[in-house]
Amino acid sequence: MYKSILIPTDGSDFCERAIQQGVSLAKMMGAKVVAVTVTQPLHTGIPRSLIPDNLLSTVENEIVKQANANLAGAERAAKAAGVPIETVRVSRDHPWEGIVHTAKDKGCDLIVMASHGRRGVSAVILGSETQKVLVHSTVPVLVVR
């Protein structure tokens with residue numbers, strides 16, 4: 001039924017559960033996994049010309065390092081299950097945009113993602129990337145709690 005399953009991750013324990021569920025589903029379906037982590041572009045109120053090059057490269061290297069660490073858990077889980085995996089790092093201002101864009105770009109037919117389970121005022125104030133993906137995605141979404 002599913003051939004390509006997108007699993008977004010930010011490296012959190014919540015995402016680890018979604019990774020396990022998504023990889024298990026991919027194995028049952030004979031599907032491949034596309035793991036994505038979305039980093040945000042570096043924005044400052046200071047013009048880039050005033051920021052030393054070595055500082056910019058240090059920050060950018062740390063962002064890439066953290067993104068790779070976020071994706072490593074998905075890669076380990078997929079390899080342990082014998083499921084083919086592709087890892088992707090996308091840079092967007094809003095994580096939900098990167099997730100929706102990657103699902104389309106990679107031809108995924110399912111998104112498996114975690115929900116932090118926030119409710120009430122905290123959900124309204126903090127927002128929910130999962131909720132935004134549910135609203136904007138044309139690809140079916142399986143939410144893991």
Side-chain angles (χ1 to χ4, degrees), residues 2-27 31-81 83-145:
Y2 298 113
K3 294 180 181 169
S4 183
I5 299 174
L6 181 73
I7 306 174
T9 182
D10 62 7
S12 69
D13 291 339
F14 293 105
C15 289
E16 182 61 33
R17 285 186 288 193
I19 289 168
Q20 294 304 320
Q21 291 291 319
V23 167
S24 294
L25 184 60
K27 185 171 181 144
K32 76 171 187 173
V33 166
V34 177
V36 64
T37 193
V38 182
T39 58
Q40 294 176 318
L42 183 61
H43 296 294
T44 68
I46 302 169
R48 286 209 175 216
S49 61
L50 297 177
I51 301 172
D53 288 337
N54 62 339
L55 179 59
L56 273 178
S57 65
T58 299
V59 171
E60 288 171 356
N61 287 340
E62 286 301 311
I63 290 169
V64 170
K65 184 177 168 184
Q66 184 60 52
N68 289 338
N70 292 351
L71 292 168
E75 197 164 25
R76 281 190 302 273
K79 285 184 178 181
V83 173
I85 184 167
E86 176 183 357
T87 59
V88 179
R89 181 179 69 87
V90 178
S91 180
R92 293 288 171 121
D93 283 323
H94 304 287
W96 68 266
E97 289 176 331
I99 294 165
V100 170
H101 173 79
T102 302
K104 271 188 204 171
D105 187 52
K106 297 295 181 179
C108 297
D109 44 18
L110 179 68
I111 300 171
V112 175
M113 66 186 300
S115 171
H116 289 234
R118 293 185 187 104
R119 298 183 187 276
V121 175
S122 66
V124 172
I125 292 171
L126 296 173
S128 166
E129 296 305 318
T130 304
Q131 179 64 32
K132 291 171 189 163
V133 169
L134 285 167
V135 169
H136 295 283
S137 179
T138 57
V139 175
V141 180
L142 173 66
V143 179
V144 177
R145 291 204 47 198

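Predicted, not measured: the structure shown is a model, and the values here were computed from it. Counting begins at 1 with the first residue of the sequence.
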Shortest non-hydrogen pair, Ala103 vs Ile111, comes out as CB-CD1, 3.8 Å
task = Apply side chain to side chain contact (heavy atoms under 4.5 Å, CB included) to the pair Ile5 and Lys32, showing each step before the final yes or no.
result = CA-CA 6 Å; Ile5 299 174; Lys32 76 171 187 173; over 6 Å; no
Chi angles and distances behind the side chain to side chain contact (heavy atoms under 4.5 Å, CB included) call for Thr138, Lys104:
CA-CA 9 Å; Thr138 57; Lys104 271 188 204 171; 4.1 Å; yes
Of all heavy-atom pairs linking Lys27 and Ala81, the shortest is NZ-O, 3.0 Å
Heavy-atom closest pair (Tyr2 atom, Ala31 atom, distance to 0.1 Å) is O-CB, 3.3 Å
d(His101 NE2, Lys106 NZ) to nearest 0.5 Å is 9.0 Å
What one should report as the nearest heavy-atom pair of Ala67 and Thr39 is CB-CG2, 3.9 Å
What one should report as the nearest heavy-atom pair of Asn54 and Thr58 is O-OG1, 2.7 Å
d(Thr87 OG1, Asn70 CG) to nearest 0.5 Å is 11.5 Å
* Gln66 and Glu62 side chains, donor-acceptor separation under 3.5 Å -> no
**Whether Gln40 side chain and Arg92 backbone form a donor-acceptor pair below 3.5 Å** = no
Rounded to the nearest 0.5 angstrom, the OG-CZ distance for Ser12 and Arg17 is 8.5 Å
Value for CG (Leu6) from CD (Glu86), rounded to nearest 0.5 Å, stands at 10.0 Å
Requested in this report: Report yes or no: does Ser137 contribute a side-chain atom to a donor-acceptor pair with the main-chain N or O of Leu134 at less than 3.5 Å?
Outcome: no
Heavy atoms of Val33 and Gly22 approach each other most closely as CG2-O, 4.5 Å
Test side-chain contact (heavy atoms from CB on, under 4.5 Å), reference Leu71, set Ile7, Thr9, Val88, Val36, output is Thr9
Note to self: For Cys108 and Thr102: C-alpha separation, side-chain torsions, deciding distance, then whether side chain to side chain contact (heavy atoms under 4.5 Å, CB included) applies.
What the structure shows: CA-CA 8 Å; Cys108 297; Thr102 302; 5.9 Å; no
Applying ring pair (Phe, Tyr, Trp, His ring centres under 6.0 Å) to His136 and not counting sequence neighbours gives Trp96
Note to self: Contact between Val112 and Val144 at the side-chain level, heavy atoms closer than 4.5 Å - yes or no?
What the structure shows: yes
Pairwise side-chain contact, Val38 with Asp10, heavy-atom cut-off 4.5 Å (strictly under):
no
In this structure, CG of Asn68 is separated from OG1 of Thr37 (nearest 0.5 Å) by 9.0 Å
In this structure, CD1 of Ile85 is separated from CD of Glu75 (nearest 0.5 Å) by 6.0 Å
Next on the checklist: What I'd like to find out is whether the side chain of Lys132 reaches to under 4.5 Å of the side chain of Val135, using heavy atoms alone.
Outcome noted: no
